[in-house]
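Reviewing the structure listed below.
Start at 1 and go down the list; that is how both ligands and their atoms are numbered.
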Amino acid sequence: MAIEVVRIGQRLVRDDRVTTHVALVSRAFGAERIFMTEVNPDIKDTLSKINETWGGSFEIEFVENWKHIIREKKKSSKIIHLTMYGEPINDIQDDLMAENDILVVVGAEKVPREIYDIADWNISVGSQPHSEISALAILLDRIQSGKQFGMEFPNARRKIIPAKKGKDVVMAGTMADNMAETRD
Ligand code: SAM
């Protein structure tokens, strides 16, 4: 399953911390790229440093118009719009798991009415308002059943060795010898 994410809405740049976290969750939970209509260069820089250190090739792509990207992607992917008004994820997750390529749409502020019609699926993660960060994380976890956490991020400079206590990090170059370095 190839996963892409688009965050729609205005003032993404002013909402820097949330925007960065939507991008970080997308990357860590197995998406290939995120499309945004505004991109603060600092956010691009943060994500490219994360890629350099922790591996993978997650992309932030600027799009002039979210409608164009959704219409274009709809030719080959299913569009999943996350909204508290949608069908409950508990009822639909098996259907979503059977899909191939998907584009997940999350909002920032008020979402235009037409997105509900363009979407193949309008999905709620509970019928209460919360956040695009949590809704995205839960959707991506449900449809991949946790497999995303076993994913390799190629060309990482650092790799975490899960530890019961403390922090074990293998540095590039020592990975072949599997030498763990303990950091504070
Ligand atoms: N009032 C906005 C609206 O008209 O949709 C909601 C904005 S909310 C802060 C930002 C985004 O979080 C929403 O567009 C949606 O993608 C996501 N979200 C929030 N609560 C959700 C829920 N219960 N289920 C699914 N997605 C949710």
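Considering CZ of R27 and CH2 of W54, their distance stands at 9.5 Å, rounded to 0.5 Å. In this structure, F153 CZ and S57 OG are separated by 9.5 Å, a value rounded to the nearest 0.5 Å.
Residues N40 and T19 fail the side-chain proximity criterion, which asks for heavy atoms closer than 4.5 Å. Inter-residue side-chain proximity for I102 and I143 is flagged as met; some heavy-atom pair is nearer than 4.5 Å. Side-chain contact between M36 and V22 is absent, with no heavy atoms from C-beta onward closer than 4.5 Å. Using a 4.5 Å cut-off on side-chain heavy atoms (C-beta onward), I8 and P112 make contact. Taking 4.5 Å as the limit, some side-chain heavy atom of M171 sits within range of a side-chain heavy atom of V169. At least one side-chain heavy atom of V111 sits under 4.5 Å from a side-chain heavy atom of H81.
Distance check on atom 16 (O) of ligand 1: some protein heavy atom falls below the 4.0 Å cut-off.
Those atoms of ligand 1 that come under 4.0 Å of a heavy atom in T83, given as number and element, are 24 (N), 25 (C), 26 (N). Interface of I123 with ligand 1, defined as ligand atoms under 4.0 Å from a residue heavy atom, comprises 25 (C). Residue A108 has at least one heavy-atom neighbour below 4.0 Å for each of these atoms of ligand 1: 7 (C), 9 (C), 10 (C). Here is the list of ligand 1 atoms found below 4.0 Å of a heavy atom in L82: 15 (C), 16 (O), 25 (C), 26 (N). The atoms of ligand 1 that sit less than 4.0 Å from any heavy atom of V106 are 16 (O). Each of the following atoms of ligand 1 lies closer than 4.0 Å to a heavy atom of A135: 25 (C), 26 (N), 27 (C).
Counting protein heavy atoms only, atom 23 (N) of ligand 1 is closest to Q128 O, 2.7 Å. For atom 5 (O) of ligand 1, the nearest protein heavy atom (residue, atom name, distance) is V111 CG2, 3.8 Å. Nearest to atom 24 (N) of ligand 1 among the protein's heavy atoms is V125 N, 2.9 Å. Looking at atom 11 (C) of ligand 1, its nearest protein heavy atom turns out to be G107 O, 3.4 Å. Scanning all protein heavy atoms for the shortest distance to atom 22 (C) of ligand 1 gives H130 NE2, 3.4 Å. Nearest protein neighbour of atom 3 (C) of ligand 1, counting heavy atoms only, is E109 O, 3.8 Å. In this structure, the protein non-hydrogen atom closest to atom 12 (O) of ligand 1 is E132 N, 3.1 Å.
Taking the six-membered ring for Trp, F29 and F149 have ring centres closer than 6.0 Å.
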Checklist line | Worked check of side-chain contact (heavy atoms from CB on, under 4.5 Å) between K73 and D101 | finding: CA-CA 9 Å; K73 288 289 166 187; D101 298 344; over 6 Å; no
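Heavy atoms of S134 stay at 4.0 angstrom or farther from ligand 1. Note on ligand 1: I89 sits outside its first shell, no heavy atom being nearer than 4.0 Å.
With K74 contributing its side chain and I118 its backbone, the two residues share a donor-acceptor pair below 3.5 Å.
At least one N or O atom of G126, backbone or side chain, sits closer than 3.5 Å to an N or O atom of ligand 1.
Residue contacts with ligand 1, taken as heavy atom pairs separated by less than 4.0 Å, do not involve S127 at all.
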